[in-house]
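Report on the structure given below.
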Number of protein chains: 2
Amino acid sequence: MTSPPDSALHSDAANPSRREQILRAAAQLFAERGSRAVGVDDVGAAVGVTGPAIYRHFASKDAMLAEMLLRISERLLAGGTERIAAAGDSPAAQLRALVDFHVDFALDNPALITVQDRDLGALSDPDARRVRQLQRSYVEEWVAVLVRVHPDASTAACRARAHAVFGLINSTPHSAGRLARPTMAALLADMAIAAATA
Amino acid sequence: MTSPPDSALHSDAANPSRREQILRAAAQLFAERGSRAVGVDDVGAAVGVTGPAIYRHFASKDAMLAEMLLRISERLLAGGTERIAAAGDSPAAQLRALVDFHVDFALDNPALITVQDRDLGALSDPDARRVRQLQRSYVEEWVAVLVRVHPDASTAACRARAHAVFGLINSTPHSAGRLARPTMAALLADMAIAAATA
DNA sequence: GGGTGAGGTTAACCACCGTTCACACTGTCG
DNA sequence: CGACAGTGTGAACGGTGGTTAACCTCACCC
């Protein structure tokens, strides 16, 4: 409202639509308190409107959470696919690419990381199924690479390995901002590679 | 009820008091759905009583959660202290002792691990402070060891390292039971050591 | 200039859930 | 036997919070 240039009707990263503002604010609040502890009034207040105004943009509070989690899973899966393709054939290079990608994502979106594994259970059954399917696909990308890194290890072991590496990298929200971003990124990536290749 | 030997009035691990049964059932339910999504009636039903019966054993639902989290933090802190003392002077041996301890704890109590970092925010302010203080003490035990393992690294970096290792080991609830317990324990411990010493 | 549609507001509705209450049952102890 | 403590029950209360309804306003456009 104060800034004149709102070209069309929609978002542009720097000038996000109301809908986008709501999703971002909700992600932040959900990460801090958990989705069930955050009221629609809280989300509204965070973007300067009242609670019921939310319903002009989302069918329900659950739909908001569903869209949030679906987007995260899709971004991770798409990003993983892309990075693997760009990394060439070497398993080590592919692993490094995946690690770097996931570290960047986690450092850029700590709130999303938190919500993703805390509030999955709050989704409706069909939404939860869809999100889990995307997550599974992403995990399997990692597993495929890890199987090539450890030719004599079982797939199950590689899957456990992948989850462990996710846990390591996703610890970011817990050790918030005490280290400069590049330092933190390098530390996490080194640890992740070491754990994944141990 | 089926087993005759209920010597005094109280618990004995195999024959836990009603109070203890409630805490265990609640931990399980809280881990599965999140404390705010679990009703008092659910907890009651899980031990074969109605919801209000809970109040014969706990002052409130929040008090239940508080006791649960306090116990976890205390067990971790006490266990860590004990294992370090028993490990001798070598930093590498102390690290190995901490890792083995934490891996065992996580594999034995996946539900508690989940609740601990998902529902801390649901605690009342004074309870949350107390739990965080215990957690911090436990983290600092790890940091002290890690500082000796990495003499030229900053304390802040070692703290981030500790959180990352926790994330790695605490991934257990996500990769539930596909691997035999000893295999899983060895895998996690090896990865944790590799990450911690990278 | 009046119809239209997008986006907000306030007030009300309603379901759910933590908590309390009044009462019942069962043992033990004096 | 009768008090009493411990534990459980069903019913009721009250707050919270998601959702809907009715109404308003403004930008836009033929």
Side-chain angles (χ1 to χ4, degrees), chain A residues 1-11 15-27 29-30 32-68 115 119 121-124 127, chain B residues 1-11 15-27 29-30 32-68 115 119 121-124 127:
Chain A
M1 309 315 185
T2 60
S3 54
D6 192 343
S7 52
L9 350 158
H10 278 113
S11 51
N15 196 0
S17 70
R18 178 50 53 93
R19 203 182 138 83
E20 223 54 39
Q21 292 178 35
I22 292 173
L23 269 182
R24 291 188 198 177
L29 290 172
F30 287 1
E32 286 164 9
R33 301 182 227 162
S35 70
R36 295 195 78 109
V38 174
V40 277
D41 288 352
D42 298 328
V43 176
V47 298
V49 299
T50 59
I54 302 286
Y55 291 85
R56 297 289 171 192
H57 304 277
F58 296 92
S60 68
K61 191 187 164 191
D62 288 339
M64 247 180 58
L65 180 61
E67 179 162 343
M68 195 182 304
V115 175
D119 290 308
L123 254 49
S124 73
D127 286 332
Chain B
M1 311 314 181
T2 60
S3 53
D6 193 343
S7 51
L9 350 158
H10 278 110
S11 52
N15 197 359
S17 69
R18 180 48 54 94
R19 202 183 139 85
E20 223 54 39
Q21 292 178 35
I22 292 174
L23 268 182
R24 290 189 198 176
L29 290 172
F30 287 1
E32 287 165 9
R33 302 182 225 163
S35 71
R36 295 194 80 108
V38 174
V40 183
D41 289 348
D42 299 327
V43 176
V47 297
V49 299
T50 60
I54 302 286
Y55 291 85
R56 297 292 173 194
H57 305 275
F58 296 91
S60 68
K61 191 188 163 190
D62 288 339
M64 247 180 56
L65 181 62
E67 178 162 343
M68 196 181 305
V115 175
D119 290 309
L123 254 49
S124 74
D127 287 332

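From a predicted model like this one, the values you see are computed outputs, not experimental measurements. Labels below follow one simple rule: chain letters A, B, ... track the order of the sequence lines, proteins then strands, and each chain is numbered from 1.
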- For A:Asp42 and A:Gly39, indicate whether the former's side chain and the latter's backbone hold a donor-acceptor pair under 3.5 Å.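 Yes; at least one donor-acceptor contact below 3.5 Å.
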Set of residues satisfying side-chain contact (heavy atoms from CB on, under 4.5 Å) with respect to [X], sequence neighbours excluded:
| X | answer |
| --- | --- |
| B:Ala37 | A:Arg36, B:Arg33 |
| B:Ala46 | B:Ala25, B:Leu29 |
| B:Asp119 | B:Phe30, B:Ser35, B:Leu65, B:Val115 |
| B:Ala45 | none |

- How does protein contact run along nucleotides 16-21 of chain C, one letter per nucleotide 5' to 3', with B for base contact, S for sugar-phosphate only, - for none, heavy atoms under 4.0 Å? --SBB-
- Message: Is the phosphate of C:dG8 approached by A:His57 (side-chain N or O, under 4.0 Å from OP1 or OP2)?
- Response: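 Yes.
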- What salt bridge (Lys or Arg N to Asp or Glu O under 4.0 Å) pairs are there with at least one residue in residues 45-55 of chain A, not counting sequence neighbours?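 Counting only pairs at least two positions apart or across chains, no salt bridge (Lys or Arg N to Asp or Glu O under 4.0 Å) contact touches residues 45-55 of chain A.
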- Message: What range of DNA chain D does chain B touch, first nucleotide to last, counting atoms under 4.0 Å from its heavy atoms?
- Response: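 Span of nucleotides near chain B: D:dT7 to D:dA11.
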- Message: Tell me every residue that passes side-chain hydrogen bond (donor to acceptor under 3.5 Å, both in side chains) with B:Glu32, counting only those two or more places apart in sequence or in another chain.
- Response: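 With neighbours one apart ignored, the set is B:Gln28.
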- side-chain hydrogen bond (donor to acceptor under 3.5 Å, both in side chains) with B:Thr50: which residues, sequence neighbours excluded?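 Counting only residues at least two positions away or on another chain, B:Thr50 forms no side-chain hydrogen bond (donor to acceptor under 3.5 Å, both in side chains).
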